[in-house]
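Worksheet: one structure, shown below.
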Amino acid sequence: MEDTITAIITCRCNNRRALIATTNLPDGDFGNPIMKKSASGNIEYGITLADRIGARARSRLFEMCTVIKMPLVEDYRLRKARAF
């Protein structure tokens, strides 16, 4: 999977093509927390963007894209599940 993602990102970058990428994965280098407290108060370590797509693809993304950080909002699926 990492090779495919890296190939797509590299091809689009080399040919100066547009790329819109979205993720909800944290990125420690960009200031997003890698660990968070769960509802039970335990600390959970999540998978980072670099873990999922590889350090090379992550580096290329940050090289070619403008990062727009969205405000932190609670996952509506989790909120809905707690209501029941």
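- Legend: residues meeting side chain to side chain contact (heavy atoms under 4.5 Å, CB included) with Arg16, ordered by chain and number and at least two apart, are absent.
- For the side-chain contact (heavy atoms from CB on, under 4.5 Å) with Arg56, the lone residue among Leu61, Asp3, Thr6, Ile9 that qualifies is Thr6.
- Judged purely by atom type and a 3.5 angstrom limit, Asn15 uses its side chain to pair as donor or acceptor with the backbone of Cys11.
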For this session: Any chance you could lay out the side-chain contact (heavy atoms from CB on, under 4.5 Å) test for Met1 and Arg52, step after step, and finish with the verdict?
Result: CA-CA 9 Å; Met1 178 187 78; Arg52 181 62 57 96; 3.9 Å; yes
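- Both Ile5 and Leu19 sit in one connected hydrophobic cluster of ILVMFWY residues. Membership requires side-chain heavy atoms under 4.5 Å apart, directly or through other members.
- Rounding to the nearest 0.5 Å places OG1 of Thr66 at 7.0 Å from CD1 of Ile68.
- With sequence neighbours excluded, no residue forms a side chain to side chain contact (heavy atoms under 4.5 Å, CB included) with Ser59.
- Remark: Ala50 engages Thr48, Arg58 in a side chain to side chain contact (heavy atoms under 4.5 Å, CB included) (not counting sequence neighbours).
- Annotation: side chain to side chain contact (heavy atoms under 4.5 Å, CB included) contacts of Asn14 (sequence neighbours excluded): Thr10, Arg60.
- For Arg17 against Met64, the heavy-atom pair with the smallest separation is O-CE, 4.3 Å.
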